[in-house]
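Encoded as structure tokens, the structure appears first; notes follow it.
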Amino acid sequence: MTAGRRIWVLGATSAIAHAYIRLRAARGASLLLLGRNEAHLRANAADLTARGATAASVKCCDLARVPDYESVLSEMVAAGGAPDEVFIAYGTMQQQDKLLGDITLARDLIDTNFTSVVCWLLAIIERWERSRPLTVIVIGSVAGDRGRASNFVYGSAKGGLDRFLEGLQHANAGTALHIVRVKPGFVDTPMTADIAKSGPLWATPERVAADIERAADRGQAVLYTPWFWWPIMLVIRHLPRFMFDRLKV
Amino acid sequence: MTMREAVRSWGCLGARQHDVVEPAFVDQAQAALVEHRPILCFGAGRSYGDVCLNGGGWLLRTRSLERLIFANWTMGIIRAEAGMTFDALLRLAVPKGWFLPVVPGTKYVTLGGAAANDIHGKNHETAGTFGCHVRRLGLALSSGAILEVAADQNAELFAATVGGVGLTGVILWVELALARIKSAFIDVETLKLDDLDAFFRLSKQSEGWEFSVAWVDCLAKGSDIGRGLFLRGRWREGGEGEPLAPHGSPRFVVPFEAPSWLLNGTTVRLFNKAHRTRPWAIGRHTVHYNQFFFPLDGVGGWNKLYGAGGFFQHQCVVPTDAAAVAVRRLLELTAAAGQGSFLMVLKMFGNRASPGVLSFPRPGATLALDLPNRGDSTRRLLDDMTAVVMEADGRVYPAKDATMSSAAFRAGFPDWQKVERLRDPNIMSDFWRRVAA
């Protein structure tokens, strides 16, 4: 049952988000796209409308710097009703060595990827009518599963977010709130355009999107995508420190 | 968002270093054109030679520009960003009863690439080229302008852009008229060809068949020249009310480059013989469009079968009057050299005029075959074939070509300077450096 499903997409210009909502659009969803660049949001909205979305409106705002969540949420509800699903895909990534030398940049990354997402979720849950089913899908990262030398600043923000979502789910167990914590590995998107993409670990946004749709429809709580990241991260999480310390990952 | 990368074309004739920029939105594509030079659009990389390469310079990879801008599924008119592939568009359009008006032998090409090379298909007699169905194009120029070009708006630039191999600006989007279908299946009739005369005869006798193509054994000699299969097809009638099922994903992908000895005279001869004589091929069948139009798409990355050296494709067209003699001469050349591989494709082009200054199709017979790269001997054969084409007043297809001389290009496309005059100053390609500079 997705025809007319009202979906808020936070970070709608992300490649993973767009690939995912294309699947929902094809099933007649009604969409509110949020992001910073209005022209880009409109290009995506046109694409989604042509693919079958019953509605695709856009709202331009800096998701990481919202002065007043209450008023923004009121506007969003006024624009087409309360959501059946909230998809949070925005975030930033920086090379670790840049972050280690620049505390402002590091703080900004943590605020965007962790603090602001937590604030959005607290505000959304506060307003949520508990009788109404709500699915919340959040794009995390396998980088949040264990702190690693190569990206632990980004990883800690994603890891912290994972803990928050875990707790939010626990607090709402047995209610109509369904949280999907998505943990993609390497995804070939414009966000990773500077990284050489070779090897079998790279996935397309379309593949990740199809996995997310299946997880959301099944009521799955945690999704590693593609699937092979589940065994990989199981090993990484449980590797004893004396062995882990020898790995350059 | 840029990377230094070794990029090669479909023929795998050697990778060249490029700075690659991959915009996610059209405004970023326009900015890349303004900022970088020399630059060239790179779509799905399915052209064979150097028409999509710009060694040492910039490539603007269009694969993330793949949104629909609008779709009128009642009228069958769509406007989409240039990087959308036929694969993606067919998945959307077929269930709604629409098909691309012209498709090449693979669905893994982009709309922008199809317009820039003004591609053709098995229905050239009735449908003309892809460009005949392009209603308008969005074109970004390095001056910062974004123009709409069409047959009745900026007409000169439209004619230079359709088939203009990417030189006149960055094609941002393509607006296209689709073709109505009532079935996803094609009724096919396959006939045996004993010689070249049979091909010309059957081509004339196939009115009422929207699609036609012949596969000819390019290793046959003497009186066997021209033996092969003639395929003709049309959309299945009477399938109304059936669900219109689009194609799926490829079942098999070539994982790495095959050893170069795999495709030698003997294996190719055996394949050609098996293909030609399998008894179940002859007669009437109904097949899904995917199998009819895109048989090679079932094997992902088949170009790697030719090994590390890569391969050339020669495709030419010779005018109708000269066709019988010239095609025979070309077949004699490949048979004598023993270098042809698999099957040669032979087809008559119709009279519908191509809209582009550099559009390849013109009335006559077109012939295409792959040649594994065996160095100088292969290049000599290609030169000999081009000489036959020139003598017949024909031309060689830029999208396939890697070797033709500047003289052969200028003779085949006498109006080439119209494109050079309208070439965007920031755009260049290895092909253009070779034939026009």
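Reckoned from all heavy atoms, side chains included, excluding hydrogens, waters and symmetry mates. Numbers restart at 1 for each chain; the letters A, B, ... are given by sequence-line order, proteins then strands.
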Flag the pair [X] and [Y] as a salt bridge only when some basic side-chain nitrogen lies within less than 4.0 angstrom of an acidic carboxylate oxygen.
X	Y	answer
A/D145	A/K158	no
A/E213	A/R27	yes
B/R63	A/D188	yes

Given heavy-atom pairs under 4.5 angstrom as the criterion, report whether the side chain, backbone, both or neither of B/I69 touches chain A. backbone
Under 4.5 Å heavy-atom distance to chain A, tell me which part of B/E66 shows up: side chain, backbone, both or neither. both
In chain order, what residues pass the side chain to side chain contact (heavy atoms under 4.5 Å, CB included) check against A/D84, with sequence neighbours excluded?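 A/R5, A/R6, A/R132.
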Just grab all the side chain to side chain donor-acceptor pair (under 3.5 Å) pairs involving residues 98-110 of chain A, residues at least two apart or on different chains.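 Every pair satisfying side chain to side chain donor-acceptor pair (under 3.5 Å) with a residue in residues 98-110 of chain A: A/R65-A/D108.
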Tell me the residues of residues 50-62 of chain A whose non-hydrogen atoms fall below 4.5 Å from those of chain B, in number order.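 So the qualifying residues are A/A50, A/R51.
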If you apply the rule side-chain contact (heavy atoms from CB on, under 4.5 Å), what do you find for A/F87 with A/L10, and how did you get there? CA-CA 6 Å; A/F87 190 96; A/L10 280 65; over 6 Å; no
B/Y289 vs B/F294 aromatic rings, parallel, tilted or perpendicular, using cut-offs 30° and 60°?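 The arrangement is perpendicular - the two ring planes meet at more than 60°.
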Heavy-atom distances under 4.5 Å only: say whether A/R42 touches chain B with side chain, backbone, both or neither.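 Interface part for A/R42: neither.
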Give, as side chain, backbone, both or neither, the part of A/A43 having an atom under 4.5 angstrom from any heavy atom of chain B.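 Its backbone and side chain both get close to chain B.
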With A/F152 via ring pair (Phe, Tyr, Trp, His ring centres under 6.0 Å) - residues at least two apart: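 By the ring pair (Phe, Tyr, Trp, His ring centres under 6.0 Å) rule, A/F152 matches no residue at all.
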